[in-house]
Peer 1: 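Here you go, one structure.
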Protein chains: 2
Amino acid sequence: MSTPGYKSHISSAFNAELEDVRQRVLAMGGLVEQQLVDATRALMDLDGDLADQVRANDDKVDQLEMVIDDECSRILARRQPTASDLRLVYAVIKTITDLERIGDEAHKIAQMARDLSRQERLNHHMMETQHLSRQVSQMVRSALDAFARMDAEAALSTVRDDVKIDREYEALMRQCITYMMEEPRAIRRVIDLIWCVRSLERIGDHAKNIAEYVIYFVKGKDVRHTSLEDMEREVLGSP
Amino acid sequence: MSTPGYKSHISSAFNAELEDVRQRVLAMGGLVEQQLVDATRALMDLDGDLADQVRANDDKVDQLEMVIDDECSRILARRQPTASDLRLVYAVIKTITDLERIGDEAHKIAQMARDLSRQERLNHHMMETQHLSRQVSQMVRSALDAFARMDAEAALSTVRDDVKIDREYEALMRQCITYMMEEPRAIRRVIDLIWCVRSLERIGDHAKNIAEYVIYFVKGKDVRHTSLEDMEREVLGSP
């Protein structure tokens, strides 16, 4: 089997099951990525139909989460995996929770796009929001690429990106608040935009979580809640 | 063993391990509950020291999550549980993710309390926020009680409570927005309060998730992303 990072088994059926669950996570990831892109486009173009489509597709994300959870619990019961196989299943169980919540946030952005499409056009901070959304989408893609290749260094680079996202989020939030103070008439619309910006920041956090599960799988070490320096030491080795 | 809902094993060591992991989840739950109570009190009293204490205790929540995850993966590797034992471990893995995120939201509320303690006092909507916080705390407690007793009906009642929380959240949010429009000078402070209100609503969602894992454990059926009616049918049986 050519899949990187996990060993080949005497049971080819077990191999196939692990590969299948991995492929499903990537499919779920691809769908969630598309949801984020569509939700952002709905927001930029104030396209209510596209927003409705995102809402409808959220069910597919939820279904995939349930199917993969079910598959993982079957593998645990029947194959009783150990070592790196168990870490893979564990990483999958955690990853799909974050993917589902990225889907949820995309859904919320779509709902705000729907709301905003019914109001007077808001021109402020849309470009900055689009920019943040592109960065966040890129981060989700990187996390999924790292998962696909089970590449700890790529995962580390995804974790690093979250710092930039958080900085950009803070700056944009400050601008939105200042704008509301200058233009109280726009408050309702700016609040809708603020929810979108907040959702984008949360999506960055979820992508970071996924990257951390990749490091856990590859290195066998739980790096959540540790500093970036400790994570670098774990992934790149001692300086 | 007197623990409700799961069977006794020939291996008393295995029994002890399952009971231990269950107790740790309840300890983590107790800590998270206290964090929420303290964060809300810090917000109401604008008590910066208490806010700092919540911030410091968040590390303990994070550590408990990692310890329990480690314990679960050891149990999976060594005991290779099946049927209801496996469902228990699965429910624990999912539950602690939500508990950690409730802790995170309490931490965010504490940060906002810190921020607000440095600004002119905000008198509006504090009572309503406190009321929402009490309801949400009650919901977290119910979810943890349902988990402790592995009681699907109690879990169902927790899920039902989320509807009320969401309604109260929406009403409070509308009031906050109206107040900002009337009092643009207060925008910065109201936004801080809005983050707290949003965090409370998110905590309600996490408590609902925990309740759904209890139903999964007891009934062997994944009820996430289903309607309340379907959930009632699953838990209470056909009408």
Side-chain angles (χ1 to χ4, degrees), chain A residues 58-59 61-67 69-70 72-74 76-83 85-87 89-91 93-94 96-98 100-101 104 173-174 176-192 194-195 198 202 205-206 209 216 220-226, chain B residues 58-59 61-67 69-70 72-74 76-83 85-87 89-91 93-94 96-98 100-101 104 173-174 176-192 194-195 198 202 205-206 209 216 220-226:
Chain A
D58 192 45
D59 278 351
V61 176
D62 294 345
Q63 290 308 313
L64 270 170
E65 184 196 19
M66 290 168 73
V67 166
D69 258 326
D70 191 45
C72 285
S73 76
R74 275 167 208 268
L76 288 173
R78 283 205 317 232
R79 302 293 179 181
Q80 312 190 320
T82 58
D85 297 329
L86 177 58
R87 287 207 306 281
V89 176
Y90 217 97
I93 295 171
K94 295 285 182 180
I96 57 175
T97 304
D98 284 283
E100 190 268 337
R101 287 173 194 176
D104 250 13
M173 203 51 83
R174 273 195 301 271
C176 286
I177 292 172
T178 305
Y179 181 60
M180 281 195 288
M181 293 168 83
E182 290 164 356
E183 230 18 284
R185 235 174 39 87
I187 286 178
R188 213 175 287 276
R189 287 169 291 154
V190 179
I191 287 283
D192 278 352
I194 278 183
W195 291 139
R198 179 76 155 194
R202 294 294 301 141
D205 289 343
H206 290 299
N209 293 343
Y216 162 75
K221 177 93 188 264
D222 189 347
V223 294
R224 293 173 297 180
H225 316 304
T226 58
Chain B
D58 192 45
D59 278 351
V61 176
D62 294 344
Q63 289 307 314
L64 271 170
E65 183 196 19
M66 291 169 71
V67 165
D69 258 325
D70 191 47
C72 286
S73 75
R74 275 167 208 269
L76 289 172
R78 284 204 316 231
R79 302 291 179 184
Q80 311 190 320
T82 57
D85 298 328
L86 177 57
R87 287 207 306 281
V89 176
Y90 217 97
I93 295 172
K94 296 283 185 183
I96 57 174
T97 304
D98 284 283
E100 190 269 337
R101 285 171 197 176
D104 250 12
M173 202 52 82
R174 273 194 301 273
C176 285
I177 292 171
T178 305
Y179 182 60
M180 281 195 287
M181 293 168 83
E182 289 163 356
E183 227 24 281
R185 233 173 43 83
I187 285 179
R188 210 174 289 277
R189 285 168 293 153
V190 179
I191 287 283
D192 279 351
I194 279 182
W195 292 139
R198 179 77 155 194
R202 294 294 300 142
D205 289 343
H206 290 299
N209 293 342
Y216 162 76
K221 177 92 187 264
D222 189 348
V223 295
R224 293 174 296 179
H225 315 304
T226 58

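Numbers restart at 1 for each chain; the letters A, B, ... are given by sequence-line order, proteins then strands. In this text the structure is predicted, and so the values were computed from the model without any measurement.
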Peer 1: To the nearest 0.5 Å, how far apart are CZ in A:R78 and CG in B:L86?
Peer 2: 12.0 Å
Peer 1: So for B:E182, is it side chain, backbone, both, or neither that comes closer than 4.5 Å to the heavy atoms of chain A?
Peer 2: neither
Peer 1: Can B:R224 and A:E65 be counted as an ion pair, charged N to O under 4.0 angstrom?
Peer 2: yes
Peer 1: Taking NZ, NE, NH1 and NH2 as the nitrogens, is one of them in A:R202 or B:D104 under 4.0 Å from a carboxylate oxygen of the other?
Peer 2: no
Peer 1: Measuring from B:Q80:CD to A:R79:CZ, what's the distance to the nearest 0.5 Å?
Peer 2: 13.0 Å
Peer 1: Do you know which of B:E100, B:R87, B:R185 has the most heavy-atom pairs with chain A at a distance under 4.5 angstrom?
Peer 2: B:E100
Peer 1: Between A:Q63, A:M180, A:K94, which has the largest tally of heavy atom pairs under 4.5 Å with chain B?
Peer 2: A:K94
Peer 1: Which residue out of A:D69, A:I177, A:D58 racks up the most heavy-atom pairs below 4.5 Å with chain B?
Peer 2: A:D69
Peer 1: Taking the side chain from A:Y90 and the backbone from B:C72, do they hold a donor-acceptor pair closer than 3.5 Å?
Peer 2: no
Peer 1: To the closest 0.5 Å, what do you measure between CG (A:L76) and CD1 (B:I93)?
Peer 2: 7.0 Å
Peer 1: What I'd like to find out is whether the side chain of B:I194 reaches to under 4.5 Å of the side chain of A:I194, using heavy atoms alone.
Peer 2: no
Peer 1: Side chain, backbone, both or neither: which part of B:R198 has a heavy atom under 4.5 Å from chain A?
Peer 2: side chain
Peer 1: Which bit of B:D59 comes within less than 4.5 Å of chain A, counting heavy atoms only: side chain, backbone, both or neither?
Peer 2: neither
Peer 1: At a 4.5 Å cut-off on heavy atoms, which part of B:R101 comes close to chain A: side chain, backbone, both, or neither?
Peer 2: side chain
